[in-house]
Amino acid sequence: MKSSDAPSNEGRNFFQDVHEVVRLIPPGRVSTYGAIAHYLGARHGARMVGYALIAAAPALGLEKVPAQRVVNRNGLLTGRHHFSTPTAMQEALEAEGVRVENDQVVEFKRLFWDPAQELE
DNA sequence: CCAATGACTCCAG
DNA sequence: CCTGGAGCCATTG
């Protein structure tokens, strides 16, 4: 197994790790890609975390990954376009008690949940 | 195998 | 203060 043999064999481990952290996010809280990436070691870059959620998108019904609780560092719902509906992400957040205004999480800094800090 | 894209982040002007 | 460009790493074509 070198390059084109087992791409998702070990890679899936990374996704599963992201899924676990995202799943551990308490209701009414939000996290960021950078925080998750940093918790995993900040070696993969924040972008990979987003890709992990894309890979987790079909897993939303299987793994129950609350990707709506994951936003970018600005608290902006960058990935809402990847949801079933462009408002699904905001609706889900508001259902959790998180207010979203102009595609941005209100009091995001206060609702920010850092796995490396909370889980330590 | 090489090139392009992307749910991001940081640095510089 | 706000806008733009480069960096990073994995997935996809």
Side-chain angles (χ1 to χ4, degrees):
Chain A
M1 324 80 159
K2 292 277 287 287
S3 24
S4 47
D5 277 6
S8 30
N9 221 353
E10 299 180 310
R12 186 174 292 175
N13 187 18
F14 171 68
F15 291 137
Q16 193 170 14
D17 212 0
V18 176
H19 298 173
E20 186 177 348
V21 177
V22 175
R23 211 183 307 162
L24 287 172
I25 301 176
R29 296 279 204 211
V30 287
S31 187
T32 72
Y33 306 98
I36 296 169
H38 188 75
Y39 174 70
L40 298 176
R43 308 165 195 286
H44 307 271
R47 271 184 157 142
M48 304 294 84
V49 180
Y51 272 133
L53 293 181
I54 295 179
L60 281 168
L62 294 156
E63 304 280 324
K64 299 180 185 172
V65 181
Q68 40 269 20
R69 290 181 190 158
V70 185
V71 293
N72 73 341
R73 216 217 170 280
N74 287 312
L76 195 69
L77 283 58
T78 48
R80 74 173 187 174
H81 242 287
H82 290 259
F83 279 75
S84 311
T85 54
T87 52
M89 193 173 187
Q90 182 173 340
E91 292 281 313
L93 283 170
E94 289 186 322
E96 294 285 336
V98 180
R99 288 192 306 177
V100 179
E101 206 165 287
N102 198 11
D103 301 337
Q104 188 177 314
V105 178
V106 182
E107 300 286 296
F108 160 72
K109 185 182 176 186
R110 199 170 69 146
L111 298 172
F112 177 68
W113 181 86
D114 189 348
Q117 194 160 38
E118 298 296 318
L119 301 175
E120 202 168 350

Note to self: Can a donor-acceptor pair be found, under 3.5 Å and without considering hydrogens, that links the side chain of A:Ser31 to the backbone of A:Val70?
What the structure shows: no
Notebook entry, point to check: How close or far is atom P of C:dC2 from atom CG of A:Asn74, stated in whole angstroms?
Noted result: 12 Å
Notebook entry, point to check: Say you pick atom P in C:dG5 and the same atom in B:dT5; how far apart are they, in whole Å?
Noted result: 16 Å
Margin query: Distance check, rounded to the nearest 0.5 Å: A:Glu20 atom CD versus A:Tyr39 atom OH?
Written below: 7.5 Å
Item checked: Distance, rounded to the nearest Å, where A:His82 contributes NE2 and B:dT5 contributes C1' -> 11 Å
Notebook entry, point to check: Do A:Gln104 and A:Asn74 touch side chain to side chain, with heavy atoms closer than 4.5 Å?
Noted result: no
Next item on the list: Nearest whole angstrom, please: distance from the C1' of B:dG6 to the OH of A:Tyr33.
Entry: 11 Å
Item checked: Distance in angstrom units between A:Phe83 CZ and B:dA7 P, rounded -> 12 Å
Check: Can you check whether A:Val71 reaches A:Leu76 side chain to side chain, under 4.5 Å on heavy atoms?
Finding: no
Check: By side-chain hydrogen bond (donor to acceptor under 3.5 Å, both in side chains), which residues pair with A:Glu96, not counting sequence neighbours?
Finding: A:Arg69
With the criterion being N/O to N/O and under 3.5 Å, what pairs connect the protein with nucleotides 3-5 of chain C, and how long is each?
none

Next item on the list: Could you measure between the two P atoms, the one in B:dA4 and the one in C:dA6, and give it in whole Å?
Entry: 15 Å
Next item on the list: Report the distance from atom NE2 of A:His81 to atom P of B:dA7, rounded to the nearest whole Å.
Entry: 10 Å
Checklist line | A:Trp113 side chain near A:Leu24 side chain, heavy-atom distance below 4.5 Å | finding: yes
Item checked: Flag side-chain contact, heavy atom, 4.5 Å: A:Leu77 against A:Leu93 -> yes
Find every protein N or O atom lying less than 3.5 Å from an N or O atom of nucleotides 7-10 of chain C, and list the pairs.
from: C:dG7; atom 1: O6; to: A:Arg47; atom 2: NH1; distance (Å): 3.0
from: C:dG7; atom 1: O6; to: A:Arg47; atom 2: NH2; distance (Å): 3.1
from: C:dG7; atom 1: N1; to: A:Arg47; atom 2: NH1; distance (Å): 3.1
from: C:dC8; atom 1: N3; to: A:Arg47; atom 2: NH1; distance (Å): 2.9

Notebook entry, point to check: Above 12 or not: heavy atoms from other molecules or residues under 6.0 Å from CD of A:Gln117?
Noted result: no
